[in-house]
Enquirer: 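Attaching a single structure in structure tokens format; questions to follow.
Lettering of chains follows the sequences in order, A, B, ..., and the numbering in each one begins at 1.
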Protein chains: 2
Amino acid sequence: MRADSRLSRMLHVLIHMDRHDGPVTSELIARMLNTNPVVVRRTMAGLRERGYLTSVKGHGGGWALARSLDEITLRDVYEALGEPTVFAIGVADDDPKCLVEQAVNAAVGEALREAEQRLLSRFGEISIGELARDFDRRMAECTAG
Amino acid sequence: MRADSRLSRMLHVLIHMDRHDGPVTSELIARMLNTNPVVVRRTMAGLRERGYLTSVKGHGGGWALARSLDEITLRDVYEALGEPTVFAIGVADDDPKCLVEQAVNAAVGEALREAEQRLLSRFGEISIGELARDFDRRMAECTAG
DNA sequence: GATCACGAAACAACAGGAGTTGCATAACTC
DNA sequence: GAGTTATGCAACTCCTGTTGTTTCGTGATC
Ligand code: FES
Ligand code: FES
């Protein structure tokens with residue numbers, strides 16, 4: 001499977017929008033992400049439904065933030081995307097007859113579940129505002145150097 | 001992508017082989033896993049190269065364990081499979097020009113790397129022998145009840 | 001009403017695991 | 001040594017889910 005890059009793409013977009021006055025069109029966002037306006041609308045639809053974004057049709061329309069970046073965590077974005085599959089690996093059969101396979105699934109499944117929990121918890125601790133400030137630091141270093 | 005089930009499949013097979021006298025053919029293993037002998041050979045090739053298994057051609061041939069299950073961890077099997085991709089999610093561009101994207105990649109990439117490290121460490125702590133003993137417990141419960 | 005921009009549906013492209021077929025090769029049996 | 005068994009390898013197809021593209025509809029602005 002190709003890696004699902006929707007999460008990082010949305011974070012990228014949200015920060016850019018925060019530093020931008022007025023609504024941003026799907027067309028412009030698509031150019032930033034090197035992709036297609038339709039893909040942008042599809043991906044951002046979930047964030048609009050959750051109330052993180054608004055979209056306005058017609059002339060002068062486009063996308064705008066409905067909340068501060070400090071109020072949105074990486075986990076919020078992950079969930080707005082429909083909680084996509086985290087792992088590329090998994091068990092062969094979720095409810096096997098074979099007792100050996102049940103023992104294997106118990107161990108592997110447990111490890112995966114725990115790793116997923118930890119990852120999502122970590123995502124819940126990171127606000128996009130923090131990422132934006134990290135960007136500011138990088139920018140300052142860049143212009144200073 | 002469909003979830004990569006090779007890890008759990010191999011664990012399943014290894015435990016079965018441990019409880020089996022003499023070599024096991026790819027044909028028999030394929031029936032256990034509800035799959036194809038060629039898929040079995042392809043998947044098990046890596047374990048042979050690492051010295052965990054041996055394979056013998058010809059009449060009376062097949063696959064056999066070359067080590068005790070207590071000497072093989074889940075991580076060993078994972079690595080023998082070629083360290084397949086762990087996550088289904090990832091960043092859009094590994095080396096972006098855009099500073100915003102760099103900040104995003106730093107945060108998301110770090111969280112993913114750490115989660116992967118933790119998961120693989122956990123895999124390194126679990127030997128297949130333990131899984132086999134867990135199977136024994138399940139079996140005892142089953143016959144007792 | 002012309003233009004701009006989102007909304008939704010339908011479809012092709014792509015990637016990687018899984019499944020399949022065919023043939024070569026090695027080992028054992030007789 | 002001929003026949004059988006079983007792995008080894010290469011070259012497909014199939015499946016699933018993200019990504020990319022086209023088309024048409026609709027609402028808002030000028
Ligand atoms: S396939 Fe029957 S016990 Fe594993
Ligand atoms: S696309 Fe993000 S800074 Fe240029």
Enquirer: Roughly, in whole Å, what's the span from CD in A:E83 to P in D:dG17?
Expert: 16 Å
Enquirer: Nearest heavy atom decides the nucleotide; on that basis, is A:G58 or A:N34 closer to the 5' end of DNA chain D?
Expert: A:N34
Enquirer: Does A:D136 pair with A:R133 as a salt bridge, N-O distance under 4.0 Å?
Expert: no
Enquirer: Would you please confirm or rule out a distance under 4.0 Å between OP1 or OP2 of D:dG8 and any side-chain N or O of B:R48?
Expert: yes
Enquirer: Between C:dA18 and B:S5, is there an OP1 or OP2 to side-chain N/O distance shorter than 4.0 Å?
Expert: yes
Enquirer: Atom CG in A:L131, atom CG in A:L69: separation rounded to 0.5 Å?
Expert: 9.0 Å
Enquirer: Could you tell me the separation between the NE2 atom of A:H59 and the P atom of C:dC6, rounded to a whole number of Å?
Expert: 12 Å
Enquirer: Side chain of A:R2 only, heavy atoms from C-beta on: which candidate in C:dA18, C:dC6, C:dC14 is closest?
Expert: C:dC14
Enquirer: Need to verify one output field. Residue with the more 5' nearest nucleotide on DNA chain D, A:V56 or A:V38?
Expert: A:V38
Enquirer: If you check the B:V39 side chain, which of C:dG19, D:dT21, C:dC6 turns out closest?
Expert: C:dG19
Enquirer: Calculate the interatomic distance between B:E27 atom CD and C:dT20 atom P; express it in whole Å.
Expert: 12 Å
Enquirer: Do B:R42 and C:dG17 share a donor-acceptor pair, side chain to base, under 3.5 Å?
Expert: no
Enquirer: State whether A:R41 places a side-chain N or O below 4.0 Å from either non-bridging phosphate oxygen (OP1 or OP2) of C:dC6.
Expert: yes
Enquirer: For the side chain of B:N36, counting heavy atoms from C-beta on, which of C:dT20, C:dA18, C:dC6 is nearest?
Expert: C:dT20
Enquirer: So which of B:H12, B:M32, B:H16 actually passes side-chain contact (heavy atoms from CB on, under 4.5 Å) with A:E101?
Expert: B:H12
Enquirer: Check A:E27 with A:R31, please: is the shortest side-chain N to carboxylate O separation under 4.0 Å?
Expert: yes
Enquirer: Where the side chain of B:T35 is concerned, which of D:dT29, D:dT18, C:dG19 is the nearest nucleotide?
Expert: C:dG19
Enquirer: Could you state the atom-to-atom distance from CH2 of B:W63 to P of D:dT5 in whole Å?
Expert: 20 Å
Enquirer: Send over the distance from A:I89 CD1 to C:dA18 P, rounded to a whole Å.
Expert: 11 Å
Enquirer: A:D4 CG to C:dG16 P: how many Å, rounded?
Expert: 14 Å
Enquirer: Provide, to the nearest angstrom, the distance between the CE atom belonging to B:M44 and the P atom belonging to D:dC9.
Expert: 15 Å
Enquirer: Ignoring backbone atoms, establish whether B:R6 has a side-chain N or O less than 4.0 Å from OP1 or OP2 of C:dA18.
Expert: yes
Enquirer: Could you give the NZ-to-P distance, from A:K57 to C:dA5, as a whole number of Å?
Expert: 14 Å
Enquirer: Think B:S55 has a side-chain N or O under 4.0 angstrom from the OP1 or OP2 of D:dT7?
Expert: no
Enquirer: So if I take every side-chain heavy atom of A:T25 and compare against C:dA5, C:dG19, D:dT19, which nucleotide ends up nearest?
Expert: C:dA5
Enquirer: Could you tell me whether B:E125 and B:R122 make a salt bridge, using a distance below 4.0 angstrom between a side-chain N and a carboxylate O?
Expert: yes
Enquirer: Do the rings of A:Y78 and A:F123 sit parallel, tilted or perpendicular, given the 30° and 60° boundaries?
Expert: tilted
